[in-house]
Amino acid sequence: MVALQKRVFFLVGHAQSGKTSLAESLLFVSGTTSRKGTIAEGNTLSDYSPDEIERKISISSSILIAQYQGCQLQIIDTPGYADFIGEVISSIRAVDAAILVIDAISGIEVGTESVFNMLEDLNLPRIFFVNKMDKEGADFNKLVLEIKDNLSPKAVVLDSLNSPQLIEAVAETDDKLLEKYLETGSLSEEEVISALRQAVIQAKIFPIISGSSATDKGIKELLDAIVKYLPNPVERTQLKGLNPNSKEEKEIVPSEDGAFCAFVFKTIADPYVGQLTLFRIFRGRLISNTSLFNVNKSAKERIGQVYVLQGKEQRSVNEAVCGDIVALSKLKDTTTNDTLADEKDPVEFAPIIFPEPAISSSVKPKSRQDEEKISTSLNKLSCEDPTFKTTRDQETKELIISGIGDLHLNVMVERLKRRFNVEVELDTPKVSYKETITKSAKAQGKYKKQSGGRGQYGDVWIEIEPLPKGSGDFEFVDKIFGGAIPRNYIPSVEKGVRQAMQNGILAGYPLVGFKVILFDGSFHQVDSSDIAFQIAGRMALRKAELEAGPVLLEPIMDVDVVVSDEFMGHISGDLNSRRGRIMGMDTKGKLQVVKAQVPLVEMFTYATDLRSFTGGRASYSMKFSHLEQVPTKIAQTIIAKVQATKKLGEEE
């Protein structure tokens with residue numbers, strides 16, 4: 001079917017591997033554009049926002065479209081910095097395959113491994129593109145061995161269809177071909193191409209292609225491989241969703257025919273046209289100026305013009321079909337993670353699980369005028385980037401912004417100023433501490449109030465106990481027998497407990513990693529109510545936590561520092577001074593990779609400090625690992641500071 005001659009893929013890899021430059025080369029060599037933009041000149045199609053042009057990095061994923069050999073290519077250019085990993089995670093839900101870009105000089109970096117593991121989890125077809133082969137010192141053969149050793153032995157160089165290595169790798173993916181190959185010692189070119197295509201689609205082989213986006217070398221070969229070997233939208237792995245009514249799993253077979261269904265993977269707060277909703281169509285077709293059904297919100301949406309995107313440019317189309325990534329403007333109820341479908345044949349796709357923010361900072365508007373606009377502006381940024389969150393601290397009344405890292409927060413503050421003309425002052429980033437318990441305890445929560453007319457009465461007994469590590473944050477177990485508490489009040493108790501666990505007893509941080517067992521209580525025929533049992537549940541949890549050995553938990557980060565031998569001693573000593581633990585070391589060419597686990601609170605100044613004592617010749621990445629108990633003395637200081645702030649607030 002001609003309409004399905006499409007390839008939908010994204011460019012992923014470590015920061016500075018050349019993904020955006022590669023996107024420009026793909027557009028240029030395919031004949032889609034007549035000239036290449038460059039990052040240095042700030043005129044690439046995908047890095048178009050002022051902050052991306054100024055910083056010379058990709059911050060948001062962007063959609064590009066090209067035509068090559070009668071095939072439509074939809075390309076998503078994604079950021080490489082770990083602070084913007086949410087853009088990669090959301091984009092992965094909209095594509096059928098990946099081009100994993102590797103810097104020929106830097107080789108396999110932390111970001112390369114991170115993205116590769118994501119692709120492995122989804123068994124997504126991929127091609128390795130070794131970029132910057134024009135640079136002095138590039139050693140392709142060495143890097144191929146590194147890819148095979150460190151990423152996957154399924155990686156195979158795609159240089160010639162007559163290559164014995166390639167033919168053997170292809171034959172091993174198909175029993176009949178293997179039998180023929182062993183008997184005759186060869187396979188026809190047609191057999192190799194056909195089998196290689198199936199092997200790539202099934203993620204049994206990952207072709208390696210080398211080249212340079214700067215000189216366009218290898219780009220035609222990459223385009224040929226994309227068309228020949230990557231899946232079209234109907235060849236992708238079948239999708240699974242839920243019937244929203246029965247909650248039973250149902251399979252979605254991608255096709256242009258059949259009931260429409262699509263998934264919203266991204267929202268853009270466009271300053272000119274308002275909110276743009278981006279979604280991938282998995283089945284059926286969509287026509288402009290009609291309507292669609294939002295399954296998650298059970299709401300009909302009237303739609304106007306359907307757009308395809310070329311960077312920041314919106315191109316109107318009359319119709320979009322299976323495989324297309326399209327955009328709609330000004331939808332009323334639809335946000336990221338919503339499923340759009342035929343109301344008569346609904347399906348609901350699983351939501352994207354975004355990483356939780358690891359770093360927080362309080363923000364204060366610089367003027368009264370900014371104070372009035374700040375909440376709305378921050379909300380728009382949060383809708384666009386689900387890894388950026390805004391909360392109001394109920395204890396301190398501070399407005400808190402949270403993100404993946406300090407670069408992420410800095411970019412968001414810049415966008416706040418540029419897009420919405422809101423200027424803010426940042427305070428020291430705050431760590432997302434948690435509280436937990438170390439032993440079991442029982443407590444009663446009894447709420448009794450009499451005030452003339454009908455009173456309030458709720459009485460509960462609970463037991464709390466720590467959950468094993470990794471088994472979840474919270475469990476509520478109902479063990480009420482004999483009607484001690486009426487069934488309709490059990491959810492009220494749980495609601496009260498959940499309210500109380502948002503503010504732990506030590507320092508007001510969320511309480512996690514525990515189980516609540518409701519085992520007894522009493523009620524009053526007239527005075528008991530939903531609110532009374534909620535209050536009783538809250539009282540019981542607070543009492544029980546006091547007796548259950550409460551402790552403070554802090555986020556521990558996995559930190560990888562890439563550095564030369566001359567700085568190894570300094571790096572190790574510095575990480576130890578930050579309460580870090582060295583977990584191991586790897587060799588990476590001439591460089592060393594120090595792997596450590598360090599409390600997040602100790603890492604806020606690390607980027608600046610690392611640049612300072614290595615002269616900018618080291619890099620690092622970090623990601624959340626786990627929560628760990630805060631040492632007693634440090635915990636006491638944190639708790640005392642929280643209590644002092646609270647007392648000051650009460651006095652004011």
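The chain is numbered in sequence order, starting from 1.
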Exercise for review: Spell out, as yes or no, whether a donor-acceptor pair under 3.5 Å connects the side chain of D77 to the backbone of L64.
Suggested key: no
Point to revise | For A104 against L143, the heavy-atom pair lying closest together | key: CA-CD2, 3.8 Å
Review point. Do K148 side-chain atoms and A155 backbone N/O form a donor-acceptor pair below 3.5 Å?
Key: yes
Exercise for review: Flag the pair L151 / E113 as yes when at least one side-chain heavy-atom distance between them is below 4.5 Å, and no otherwise.
Suggested key: yes
Practice item. State the CD1-CG distance between I127 and L222, to the nearest 0.5 angstrom. Key: 6.0 Å
Revision key, fill the gap. Rounded to the nearest 0.5 angstrom, the CD1-CG distance for I437 and L546 is 11.5 Å
Study note, to complete from the structure: Between Q16 and K56, the two heavy atoms sitting closest are NE2-O, 4.3 Å
Please report, to 0.1 Å, the donor-acceptor pairs under 3.5 Å made by any side chain of residues 84-92, with sequence neighbours excluded.
from, atom 1, to, atom 2, distance (Å)
E87, OE1, S61, N, 2.8
E87, OE1, S61, OG, 2.8
E87, OE1, K266, NZ, 2.8
E87, OE2, K266, NZ, 3.4
S90, OG, G86, O, 3.2
S90, OG, E87, O, 3.1
S91, OG, S61, OG, 3.4
S91, OG, E87, O, 2.8

Practice item. Starting from the C-alpha separation in whole Å, work towards a yes-or-no answer on side chain to side chain contact (heavy atoms under 4.5 Å, CB included) for D560 and V562. Key: CA-CA 7 Å; D560 285 4; V562 182; 5.5 Å; no
**Study point:** S60: which of R415, E384, E52 passes side-chain hydrogen bond (donor to acceptor under 3.5 Å, both in side chains)
**Key:** R415
Exercise for review: Give a yes or no answer on whether the side chain of N379 reaches the backbone of S375 with a donor-acceptor pair at less than 3.5 Å.
Suggested key: no
Point to revise | 4.5 Å side-chain heavy-atom contact, S440 and P466 | key: yes
Check your understanding: Going through the checks in order, is the side-chain hydrogen bond (donor to acceptor under 3.5 Å, both in side chains) test met by T20 and S58?
Key -> CA-CA 8 Å; T20 299; S58 296; 2.9 Å; yes
Check your understanding: Just by modelled atom types, is the N131 backbone N or O under 3.5 Å from a matching donor or acceptor in the D103 side chain?
Key -> no
Check your understanding: Checking side chain to side chain contact (heavy atoms under 4.5 Å, CB included) against Y433, which of L553, V630, I639 comes through?
Key -> V630
Practice item. Please check if any side-chain donor atom of D586 sits under 3.5 Å from a side-chain acceptor atom of Q592, or the reverse. Key: no
Review point. Counting distance only, does the side-chain N/O of K154 pair as donor-acceptor with the main-chain N or O of A203 below 3.5 Å?
Key: yes
**Study point:** Heavy-atom pair with the smallest gap, counting every atom of R55 and L407
**Key:** NH1-CD1, 3.3 Å
Study note, to complete from the structure: Of all heavy-atom pairs linking V561 and V559, the shortest is CG2-CG1, 3.9 Å
Exercise for review: Mark yes or no for whether E109, through its side chain, and H14, through its backbone, hold a donor-acceptor pair below 3.5 Å.
Suggested key: no
Practice item. Apply side chain to side chain contact (heavy atoms under 4.5 Å, CB included) to I59 and I57, showing your working. Key: CA-CA 6 Å; I59 293 170; I57 62 171; 4.1 Å; yes
Practice item. Please tell me if the side chains of L11 and F129 come closer than 4.5 Å, counting only heavy atoms from C-beta onward. Key: no
Practice item. Taking the side chain as every heavy atom from C-beta outward, state whether I634 and L552 have any atom pair closer than 4.5 Å. Key: no
Review point. Say you draw a straight line from CG of L575 to NZ of K595; how long is it, rounded to the nearest 0.5 Å?
Key: 13.0 Å
**Study point:** Point-to-point distance, once rounded to the nearest 0.5 Å, from CG of D427 to OG of S361
**Key:** 6.5 Å
Review point. Side chains of Y606 and D574: closer than 4.5 Å at any heavy-atom pair?
Key: yes
**Study point:** Carboxylate-amine/guanidinium contact K469 E628, below 4.0 Å
**Key:** no
Exercise for review: State whether the side chain of N410 and the backbone N or O of D406 hold a donor-acceptor pair below 3.5 Å, judged by distance alone.
Suggested key: yes
Check your understanding: Side chains of V130 and I147: does their closest heavy-atom pair fall under 4.5 Å?
Key -> yes
**Study point:** K217, NZ atom: more than 12 neighbouring heavy atoms under 6.0 Å
**Key:** no
Exercise for review: Kindly say whether K389 contributes a backbone atom to a donor-acceptor pair with the side chain of S382 at under 3.5 angstrom?
Suggested key: no
Point to revise | Worked check of side chain to side chain contact (heavy atoms under 4.5 Å, CB included) between I205 and Y229 | key: CA-CA 10 Å; I205 285 182; Y229 305 119; over 6 Å; no
Revision key, fill the gap. On a heavy-atom basis, the closest approach of D558 and Q597 is OD1-NE2, 3.0 Å
Exercise for review: Answer yes or no: does atom NZ of K623 have more than 12 heavy-atom neighbours from other residues, nucleotides or ligands under 6.0 Å?
Suggested key: no
Review point. Between S152 and R126, do the side chains contain an N or O donor and an N or O acceptor separated by less than 3.5 Å?
Key: no
Check your understanding: Is a side-chain donor or acceptor of E435 paired with a backbone partner of A507 at a separation under 3.5 angstrom?
Key -> yes
Review point. Could E465 and K515 be called an ion pair, given the rule that one side-chain N must be under 4.0 Å from one carboxylate O?
Key: yes
Practice item. Evaluate the criterion salt bridge (Lys or Arg N to Asp or Glu O under 4.0 Å) for residue pair E24 and K36; output intermediate values, then yes/no. Key: CA-CA 6 Å; E24 288 292 318; K36 287 170 62 178; over 6 Å; no
Practice item. Kindly compute the distance separating CD (E414) from OG (S49), expressed to the nearest 0.5 Å. Key: 10.0 Å
Practice item. Return the orientation label for the F128 and F116 ring planes: parallel under 30°, perpendicular over 60°, tilted otherwise. Key: parallel
Review point. Is the number of heavy atoms from other residues, nucleotides or ligands within 6.0 Å of NZ (K380) greater than 12?
Key: no
Review point. Do F206 and L100 have side-chain heavy atoms sitting under 4.5 Å apart?
Key: no
Exercise for review: Please report the closest heavy-atom contact between K19 and P79, naming both atoms and the distance.
Suggested key: CE-C, 4.0 Å
Practice item. Answer yes or no: is there a side-chain heavy-atom contact under 4.5 Å between L223 and L26? Key: yes
Review point. Has the side chain of N337 got a donor or acceptor atom that lies under 3.5 Å from a matching backbone atom of I352?
Key: yes
Point to revise | Derivation of the side chain to side chain contact (heavy atoms under 4.5 Å, CB included) call for V422 and L378 | key: CA-CA 10 Å; V422 174; L378 285 172; over 6 Å; no
Review point. Roughly how far apart are Q636 CD and L506 CG, rounded to 0.5 Å?
Key: 11.0 Å
